[in-house]
Each structure stands twice: as C-alpha cells, then as structure tokens.
Engineer: 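I'd like to ask some things about the structure below.
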Amino acid sequence: MPLVCLSSPEGIEALCSDLGVDYTDVRILMLAWKLKAEKQGYFTQDEWQTGLKALGVDSLTKLKKALPELEKEVEEPSNYEDFYIYAFQYCLTEEKQKSVDIESICELLNLVLGVQFRPQVDSLVEYLKVQNDYKVINADQWINFLRFCKEISFPDLENYDATQAWPLILDNFVEWMREKQS
C-alpha cells in the first residue's frame with residue numbers, strides 16, 4: 001500500500017474509497033484509534049506502519065477484512081472507553097484547544113454512541129441543538145455523557161441524582177427532559 005498518500009486528508013479520502021467506506025464511517029475513526037493517529041485527517045508513516053503491524057495486515061485487502069475485527073475490538077469494554085476518549089481528543093485540531101463545538105459534538109455523539117445508546121443520543125443531540133448556554137463541550141462533559149448513558153435509566157431518569165458530581169450541562173439536560181415529559 002502506498003504510504004505517502006496517507007499524510008493528507010485527500011490521502012485518507014482515497015484510502016476510504018479503496019476500502020469502500022465513507023470517510024465519516026466510524027470504522028475510520030476506529031482505524032485512527034488503532035493507528036494512534038495524533039492529527040485528524042493524517043496518518044504519519046510511523047503511525048501507519050505500527051498500526052498495520054498491530055492489526056496484522058500488510059495489504060489493502062487484508063485491511064478491509066480486518067475492519068469487522070477492529071469493530072469487535074473497540075466494542076470490548078476494556079477498549080471502548082479509551083476509544084470514546086480518543087474520539088474527543090482526535091477532534092481537538094488546534095494547539096491548546098480544550099473543547100469542541102456543539103455541532104461537531106452532535107456528529108461525534110451519533111458516530112460513537114449512536115449504535116449503543118440511540119435514544120439517549122437522540123435526546124441529548126436534540127437538547128444540545130436547542131439550548132443556548134453552551135457553544136462548546138469540554139473533555140469532562142464529554143466523558144460524563146458516556147457515564148450518563150451507562151448509568152442512568154432512560155427515558156425515566158429515575159436514578160439521576162443532581163447532587164452527585166454531574167456536569168451542569170447534564171443537570172440542565174435532565175431538567176429539560178423532565179419538562180418535556182410532563
């Protein structure tokens with residue numbers, strides 16, 4: 001596989017085309033996670049070579065066949081949280097950037113949590129789009145979105161306790177959900 005072409009967004013798009021997947025497919029984000037790619041839209045030669053070795057592949061055909069296994073690897077509880085945190089960090093495209101805009105967060109939530117937690121993600125995305133208090137989401141809020149999805153009964157929210165250490169945005173979301181339900 002050519003390595004030089006992967007060092008640009010156009011190269012990543014060409015790789016996606018060769019793999020028969022859209023560049024917005026979650027499997028490309030999973031591949032970036034596996035390659036430990038540091039910069040969105042770019043795979044360095046070292047990331048590419050080390051990542052392919054870790055995947056045990058040496059051709060485009062083998063990489064195509066490895067994608068379903070990569071999905072299974074990410075879905076393992078021991079890896080999923082790491083992948084989830086990586087997805088946020090991968091969106092930090094500027095130096096010293098600590099937060100991601102709401103629009104990008106909504107897309108990312110759909111991409112990384114949508115399969116497992118569709119009802120929560122749909123409601124959270126709807127809330128994020130109508131609220132006016134937050135323009136960006138930071139890493140703590142992002143990590144707590146996953147915790148919320150895993151721990152809180154939905155849609156009744158019975159076990160949500162606002163006195164616990166939840167970010168204010170989730171307190172506001174729960175309040176919005178409860179108002180919407182009544």
Side-chain angles (χ1 to χ4, degrees), residues 1-95 97-126 128-129 137 139 141-150 154:
M1 280 184 266
L3 300 176
V4 178
C5 74
L6 296 174
S7 61
S8 72
E10 295 78 21
I12 301 298
E13 284 186 36
L15 172 67
C16 293
S17 177
D18 291 343
L19 290 172
V21 297
D22 191 83
Y23 71 94
T24 61
D25 190 302
V26 71
R27 292 173 295 179
I28 298 305
L29 183 58
M30 290 174 177
L31 180 60
W33 169 77
K34 187 66 177 182
L35 299 181
K36 296 181 173 82
E38 290 185 15
K39 190 174 178 190
Q40 192 176 86
Y42 299 85
F43 297 154
T44 66
Q45 188 164 348
D46 186 51
E47 290 167 348
W48 180 247
Q49 289 174 330
T50 305
L52 291 186
K53 188 183 259 184
L55 280 167
V57 301
D58 59 6
S59 70
L60 193 57
T61 306
K62 288 180 183 173
L63 180 56
K64 249 187 217 187
K65 289 179 182 168
L67 290 179
E69 289 303 313
L70 181 57
E71 284 182 85
K72 286 179 189 164
E73 181 181 341
V74 168
E75 288 166 6
E76 290 175 20
S78 58
N79 292 325
Y80 188 78
E81 195 164 323
D82 184 56
F83 169 71
Y84 182 80
I85 292 166
Y86 173 83
F88 180 85
Q89 293 168 338
Y90 194 61
C91 287
L92 302 175
T93 55
E94 304 295 321
E95 200 170 319
Q97 182 180 350
K98 293 182 190 252
S99 56
V100 177
D101 67 277
I102 292 292
E103 187 179 331
S104 297
I105 285 295
C106 290
E107 290 177 31
L108 199 57
L109 281 167
N110 274 310
L111 198 62
V112 299
L113 284 183
V115 172
Q116 268 186 295
F117 301 103
R118 176 51 56 203
Q120 294 95 317
V121 168
D122 287 347
S123 295
L124 190 53
V125 166
E126 182 185 349
L128 290 172
K129 288 180 177 179
I137 297 298
Q141 292 163 327
W142 175 255
I143 290 165
N144 275 284
F145 288 165
L146 176 61
R147 182 178 150 224
F148 178 89
C149 289
K150 285 177 162 181
F154 196 86

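FYI, the numbering just counts along the sequence from 1. Because the structure is a prediction, the values reported are computed rather than measured. Below, all heavy atoms of this structure are taken into account, side chains as well, without hydrogens, waters or symmetry copies.
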Engineer: Taking the side chain as everything from C-beta on, heavy atoms only, tell me whether Leu55 gets closer than 4.5 Å to Leu31.
Structural biologist: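 Side chain of Leu55 against side chain of Leu31, heavy atoms only: contact under 4.5 Å found.
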Engineer: Atom CG in Leu128, atom CD1 in Ile105: separation rounded to 0.5 Å?
Structural biologist: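 It comes to 8.5 Å.
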Engineer: Hey, does the side chain of Tyr86 reach the backbone of Ala32 with a donor-acceptor pair shorter than 3.5 angstrom?
Structural biologist: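 Yes, because the side chain of Tyr86 sits within donor-acceptor range (under 3.5 Å) of the backbone of Ala32.
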Engineer: Measure across Leu35 and Gly51 and return the closest heavy-atom pair with its distance rounded to 0.1 Å.
Structural biologist: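 Closest approach of Leu35 to Gly51, heavy atoms only: CD2-CA, 3.2 Å.
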Engineer: In the structure I gave you, are the side-chain heavy atoms of Ile137 and Phe145 within less than 4.5 Å of one another anywhere?
Structural biologist: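 Yes, side chains in contact.
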Engineer: Apply the test side chain to side chain contact (heavy atoms under 4.5 Å, CB included) to residues Leu15 and Leu63: give CA-CA distance (whole Å), side-chain angles for both, the deciding distance (0.1 Å), then the verdict.
Structural biologist: CA-CA 10 Å; Leu15 172 67; Leu63 180 56; 4.3 Å; yes
Engineer: Taking salt bridge (charged side-chain N to carboxylate O under 4.0 Å, His left out) as the definition, give me every residue that meets it alongside Glu73, ordered by chain and number, with sequence neighbours left out.
Structural biologist: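 In terms of salt bridge (charged side-chain N to carboxylate O under 4.0 Å, His left out), with neighbours along the sequence ignored, Glu73 is linked to Lys34.
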Engineer: For the pair Lys72 and Glu69, find out whether any cationic side-chain nitrogen is under 4.0 Å from an anionic carboxylate oxygen.
Structural biologist: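 Salt bridge: yes.
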Engineer: List in chain and number order the residues that pass ring pair (Phe, Tyr, Trp, His ring centres under 6.0 Å) with Phe117, two or more places apart in sequence or in another chain; answer none if no residue qualifies.
Structural biologist: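 Not a single residue meets the ring pair (Phe, Tyr, Trp, His ring centres under 6.0 Å) criterion with Phe117.
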Engineer: Surrounding CD of Glu71 (heavy atoms of other residues, nucleotides or ligands, distance under 6.0 Å), is the total greater than 12?
Structural biologist: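 Buried by this count: over 12 neighbours within 6.0 Å.
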Engineer: When rounded to the nearest 0.5 angstrom, what is the spacing between CZ in Phe83 and CH2 in Trp33?
Structural biologist: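 Going from the CZ atom of Phe83 to the CH2 atom of Trp33 covers 8.0 Å.
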Engineer: Please give me the minimum heavy-atom distance between Gly114 and Val121, naming the atom from each residue.
Structural biologist: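 For Gly114 and Val121, the tightest heavy-atom pair comes out as N-CG2, 4.0 Å.
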Engineer: Using 0.5 Å steps for rounding, measure from the CE atom of Met30 to the CG atom of Leu111.
Structural biologist: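 Interatomic distance, Met30 CE to Leu111 CG, rounded to 0.5 Å: 8.0 Å.
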Engineer: Can you give me the closest heavy-atom contact between Lys36 and Glu47, atom names plus distance?
Structural biologist: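 Reported closest heavy-atom pair: O-OE2, 3.5 Å.
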Engineer: Minimum heavy-atom separation for Leu70 and Arg27, please, with both atom names.
Structural biologist: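 Heavy atoms only, the tightest pair is CD2-O, 4.4 Å.
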Engineer: Verify whether one side chain among Asp22 and Thr24 offers a donor that lies under 3.5 Å from an acceptor in the other.
Structural biologist: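 Judged by distance alone, the side chains do pair up.
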Engineer: Would a 4.5 Å heavy-atom cut-off, applied to side chains only, mark Glu81 and Leu146 as touching?
Structural biologist: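 Side-chain contact under 4.5 Å: yes.
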Engineer: Does atom CZ (Phe154) have a neighbourhood of more than 12 heavy atoms from anything else shown, all under 6.0 Å?
Structural biologist: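 Result for CZ/Phe154: enclosed.
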Engineer: Listed by chain and number, what are the side chain to side chain contact (heavy atoms under 4.5 Å, CB included) partners of Asp18, not counting sequence neighbours?
Structural biologist: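 Asp18 satisfies side chain to side chain contact (heavy atoms under 4.5 Å, CB included) with Leu60 only.
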Engineer: Got Val112 and Phe88 here, is their nearest side-chain heavy-atom distance under 4.5 Å?
Structural biologist: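 They are not in contact (no side-chain heavy atoms under 4.5 Å apart), so the answer is no.
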Engineer: By the side-chain hydrogen bond (donor to acceptor under 3.5 Å, both in side chains) test, which pairs, at least two apart or in different chains, include something from residues 114-123?
Structural biologist: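 Listed by first then second residue: Tyr80-Gln116, Asn110-Arg118, Arg118-Asp122.
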Engineer: Would you say Ile12 and Tyr42 make side-chain contact, with heavy atoms under 4.5 Å?
Structural biologist: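 Ile12 does not reach Tyr42 side chain to side chain.
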Engineer: Run the ring pair (Phe, Tyr, Trp, His ring centres under 6.0 Å) test against Tyr84 and tell me which residues pass, sequence neighbours left out.
Structural biologist: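 So Tyr84 forms a ring pair (Phe, Tyr, Trp, His ring centres under 6.0 Å) with Trp142.
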Engineer: Taking only residues two or more places apart in sequence, or in another chain, which ones meet Lys98 in a side chain to side chain contact (heavy atoms under 4.5 Å, CB included)?
Structural biologist: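 Expected list: none.
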Engineer: Is Glu103 atom CD crowded by more than 12 heavy atoms from other residues, nucleotides or ligands, each under 6.0 Å away?
Structural biologist: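 Atom CD in Glu103 is not crowded, with 12 or fewer foreign heavy atoms closer than 6.0 Å.
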Engineer: Kindly compute the distance separating CG (Asp58) from NZ (Lys62), expressed to the nearest 0.5 Å.
Structural biologist: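 Nearest 0.5 Å value for the CG-NZ distance: 3.5 Å.
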Engineer: Evaluate the side-chain proximity of Val100 to Leu108: yes if any heavy-atom separation is below 4.5 Å, no if none is.
Structural biologist: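 When only atoms from C-beta onward are counted, Val100 and Leu108 do not touch, as no gap falls below 4.5 Å.
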Engineer: Would you call Val115 and Val26 a side-chain contact if the rule is heavy atoms closer than 4.5 Å?
Structural biologist: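 A side-chain contact under 4.5 Å is absent here.
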